[in-house]
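All values below come from the heavy atoms of this structure, side chains included, with hydrogens, waters and symmetry mates left out. Everything numeric here is computed off the predicted structure, so don't read it as measured data.
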Amino acid sequence: MMLRLAPALIVTLLVAPILAGLAMAVLPAFGYLPALGGTEFSLAPWRDLFAQPGLARSVTVSFVSGLATTVVSLTVVLLFLASASGSRLDRWIRRMVSPLLSIPHAAAAFGLAFLIAPSGLISRLISPGLTGWERPPDALIVQDPWGLSLMAGLVIKEIPFLLLMSLAALPQLDPERRVAMARSLGYRPTIAWLKVVAPALYPLIRLPVYAVIAYATAVVDVALILGPTLPPTLSVSILAWFNDPDLSRRFMASAGAVLQLGITAAALVVWWCLERGVACLGRRWVARGGRQRGEQPLRLAGKGLILIATLTAFVGIGSLALNSVAGFWRFPDALPQGFTATHWIRALPSLTGPVASTVIIAAASTLIALALTLAALENEQRTGRHPAQGRLLSALGLLYLPLIVPQIAFLFGLVVVMESLGSRPNHGLVIFGHLLFVLPYVFLSLSESYRRLDPRWSQLGRTLGSSPNAVFWRVRLPLLLAPILTACAVGLAVSIGQYLPTQLLGAGRVPTVTTEAVALASGGNRRAIGVWAMVQASLPLVGFIIAVGLPRLLWAKRRGMRGSP
Amino acid sequence: MTHHHLEIDSLRIALDGNVLLELDAHIGPGEILTVMGPSGSGKSTLLAWLAGFLAGDFEASGHAHLDGRDITHLPAEQRGIGLLFQDPLLFPHLSVAGNLRFGMPRATRDKPRQVETALEQIGLAGFGDRDPATLSGGQKARVALMRLLLSRPCAVLLDEPFSKLDTHLRQEMRQLVFTQLRQAGLPSLLVTHDRDDAASAGGKVIELTH
Ligand SMILES: Nc1ncnc2c1ncn2[C@@H]1O[C@H](COP(=O)(O)OP(=O)(O)OP(=O)(O)O)[C@@H](O)[C@H]1O
Ligand SMILES: [Mg+2]
């Protein structure tokens, strides 16, 4: 009974808040918001919006950074997969995907900032030897006006996302056989992969790619850390207007949210045209039949680029750690003169509350998401209704809805809805907000393993006298424990990294490690940032360690449970 | 010894409007009916219908009676029909004893004793705590058989249970399985490609044509 309701519940849960939120962004954008005295439709919010200095620049940076991030990330991932040959380096990078993915965007952004800032680790390593700098140069490297550092910060986080999605989709394409076939026709391996596997892979990762575009055009937390400031990206401006004590600015913020929606949509349309163009050029490239030329540079780029991105992420985290324990650290010394725990000790009292909030919110939203996901998947098994091709697409499309509609465009419409329902900002509301983003990821991460489990296991259980419920608890759950825990770890990581839903639905009164860490961005206290960002980065890692460790511990004496079922 | 019998009454299974198979059969206690036929002729489908797992794409008419009870529309776990697959499918998260205990009816008295006796019967005394993944192919097959018998089914379905075993082991398992099924007085339905299976089962043979 409950099971049969699960799919409908999931769809409602994902779609209704987004539609309501969007509606409550569109109405105020045209002057209608009775709670704030807007009872008549007008274009005033739009006039105010377009009168904002630097709006065109904000819009351009949002739009361009979204597309550029996606182009670069996708290229790096495809080139890597094309050049991957199962070497030790390839395997290492594949293994790094999950931990990289688990690092929250904000922590990765801080790490990058600490690396490339004028007084950052790189500048220290090459000074004064190469540069002759005795003091940090006065250059705007981080938060540069063109958003280059913002794009770099996004790229190092979107690469692991797209890589994981591709690795999950690849097995169904049987890439080894395709490449072997092309190689027998004289194609070099990297070219063969690009010509016979990539065109088949792309349709399978199209939705994740769209999610990247949407995310990158509208991101807030990374833009607060790495993005330009005068003017900031559109999403950051919207947030500032929305939080302005002058409540009438909310009308303009709403117009901004609608504009953001339009920009993301425009980026998606441009991408779609690009897709067409590339497909057309690509077909010609494939048909021309070149087999050898370019193999070496492509191969080098494939390995080199992803290596740079991966190392940047990790060294960035390393420099966070270094900063959090650094004593006096003179420029251009590569290492601090001494190490100290004082930053940690000083931060400890203020850490406990946000850490507890973070953990509670993450655990609650993940558990709810897991229960709904399991119910929907189990319902699918019992009714024998496997998502048909068409329905699969639409169902999947709905799952991606919260990932493709920009957060900023519907979240504060949602806040308005909640306020008008008389709901005060609290943990419950924040958990609900996180659920919108945790649920899709938990579902996407678990559904494949759940559907692929050999149906004979449950048939066997039934013929041995177990009811469907008993089979679920005694057979399916234990057999799927490892993927379930992985899905939980993904859910926890997604929740821990959320900035905007926490900030907006909690009205700033539900501090988590992420909101606190991002709030430090404007201050520039590197030691404190180091501490908070390290905490933020390590919380999700704990989840992944448990997800990997617990099955090993439980099944220490069950060899058949090692490796995926 | 109990006297179970399984009846299949004017069964007709169709897929997309085309009749896949038609069958009438009566299997008495300790009898083994062998069903043979080319690949895709619907052998596994027949077993799925009897066991209660027929996929929604098929349309079936007809009835199955087990000991006079109409089981056609009962849920799988209430039918009293046991299955033996091509693979032993020992639950990898349970020990050997855990596997044997899995299907034992709640009311079974002195389960540990019964498990130990069953293990002795198949020459695996003392193997209860072992990880099933550490057993040999033949040992796994024997545990799977015992797990089936301990669940006290009233009839048994076998879907090419010996096809994955090597020749030597196959002979041995046929002996063991058929003897045990006969001793337990269970009506059994065996699906196979292998004429030797049919000969060794020693019962009636039905050929499905396509
Ligand atoms: N779930 C299903 N949905 C639709 N058609 C199916 C399904 N399962 C099997 N079929 C089709 O039903 C027919 C009978 O399949 P079945 O598995 O019963 O054959 P079989 O006799 O057991 O073959 P084999 O000897 O290869 O095991 C085949 O044509 C098969 O493609
Ligand atoms: Mg079959």
Side-chain angles (χ1 to χ4, degrees), chain A residues 1 3-4 378-391 449-485 550-565, chain B residues 44 47-48 50-58 71 74-96 98-108 129-135 140 144 146-159:
Chain A
M1 177 54 200
L3 283 187
R4 236 168 298 148
E378 180 66 15
N379 179 58
E380 192 179 288
Q381 294 293 324
R382 291 195 194 173
T383 53
R385 220 180 304 137
H386 293 281
Q389 203 63 50
R391 287 202 23 211
S449 335
Y450 208 93
R451 288 172 182 153
R452 262 213 305 257
L453 185 70
D454 192 336
R456 292 181 305 171
W457 287 120
S458 63
Q459 295 181 353
L460 182 65
R462 299 284 299 280
T463 58
L464 289 172
S466 299
S467 68
N469 287 334
V471 166
F472 173 75
W473 293 107
R474 295 176 67 191
V475 179
R476 242 199 278 269
L477 275 195
L479 288 181
L480 290 170
L481 183 70
I484 287 174
L485 288 176
L550 192 61
R552 290 209 184 155
L553 208 67
L554 277 177
W555 311 131
K557 289 196 189 149
R558 295 284 174 263
R559 221 197 290 162
M561 293 299 293
R562 268 169 251 165
S564 54
Chain B
S44 299
L47 297 195
L50 274 170
F53 305 122
L54 194 62
D57 314 83
F58 297 95
I71 57 166
L74 284 182
E77 69 272 17
Q78 291 168 21
R79 294 189 177 204
I81 289 188
L83 259 173
L84 211 53
F85 293 92
Q86 227 170 36
D87 304 289
L89 294 180
L90 299 183
F91 293 117
H93 60 296
L94 300 175
S95 64
V96 168
N99 267 280
L100 292 176
R101 256 196 306 262
F102 186 96
M104 289 167 83
R106 280 256 168 82
T108 313
D129 284 333
R130 285 276 288 266
D131 176 358
T134 63
L135 301 186
K140 284 182 197 164
M146 273 304 150
R147 178 178 59 183
L148 169 77
L149 294 174
L150 286 175
S151 73
R152 302 255 157 261
C154 306
V156 170
L157 311 175
L158 308 104
D159 196 348

Kindly compute the distance separating [atom1] ([X]) from [atom2] ([Y]), expressed to the nearest 0.5 Å.
X	Y	atom1	atom2	answer
B:L83	A:Q459	CG	CD	7.0 Å
A:L460	B:L90	CG	CG	9.0 Å
A:T463	B:F85	OG1	CZ	6.0 Å

Which atoms of [X] are under 4.5 Å from chain A, going by heavy atoms: the side chain, the backbone, both sets, or neither?
X	answer
B:F91	both
B:L150	neither
B:R147	both

Nearest non-hydrogen partners of [X] and [Y], listed with the distance:
X	Y	result
A:R462	B:A76	NH2-N, 3.4 Å
B:E77	A:S467	OE2-CA, 3.5 Å
B:A133	A:G560	CB-N, 3.5 Å
A:R558	B:H93	NE-O, 3.4 Å

Quiz item: Can you tell if the side chain of A:W457 reaches within under 4.5 Å of the side chain of B:P92, non-hydrogen atoms only?
Solution: yes
Exercise. Identify, with sequence neighbours excluded, every residue that meets side-chain contact (heavy atoms from CB on, under 4.5 Å) alongside A:L481.
Key: A:L485, A:L554, A:W555
Quiz item: Who pairs with B:R79 by side-chain contact (heavy atoms from CB on, under 4.5 Å), at least two apart in sequence or on another chain?
Solution: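 Applying side-chain contact (heavy atoms from CB on, under 4.5 Å) to B:R79 gives B:I71, B:L74, B:I81.
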Quiz item: Quick one: what part of A:P468 sits under 4.5 Å from any heavy atom of chain B, side chain, backbone, both or neither?
Solution: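 Looking at A:P468, backbone and side chain both touch chain B.
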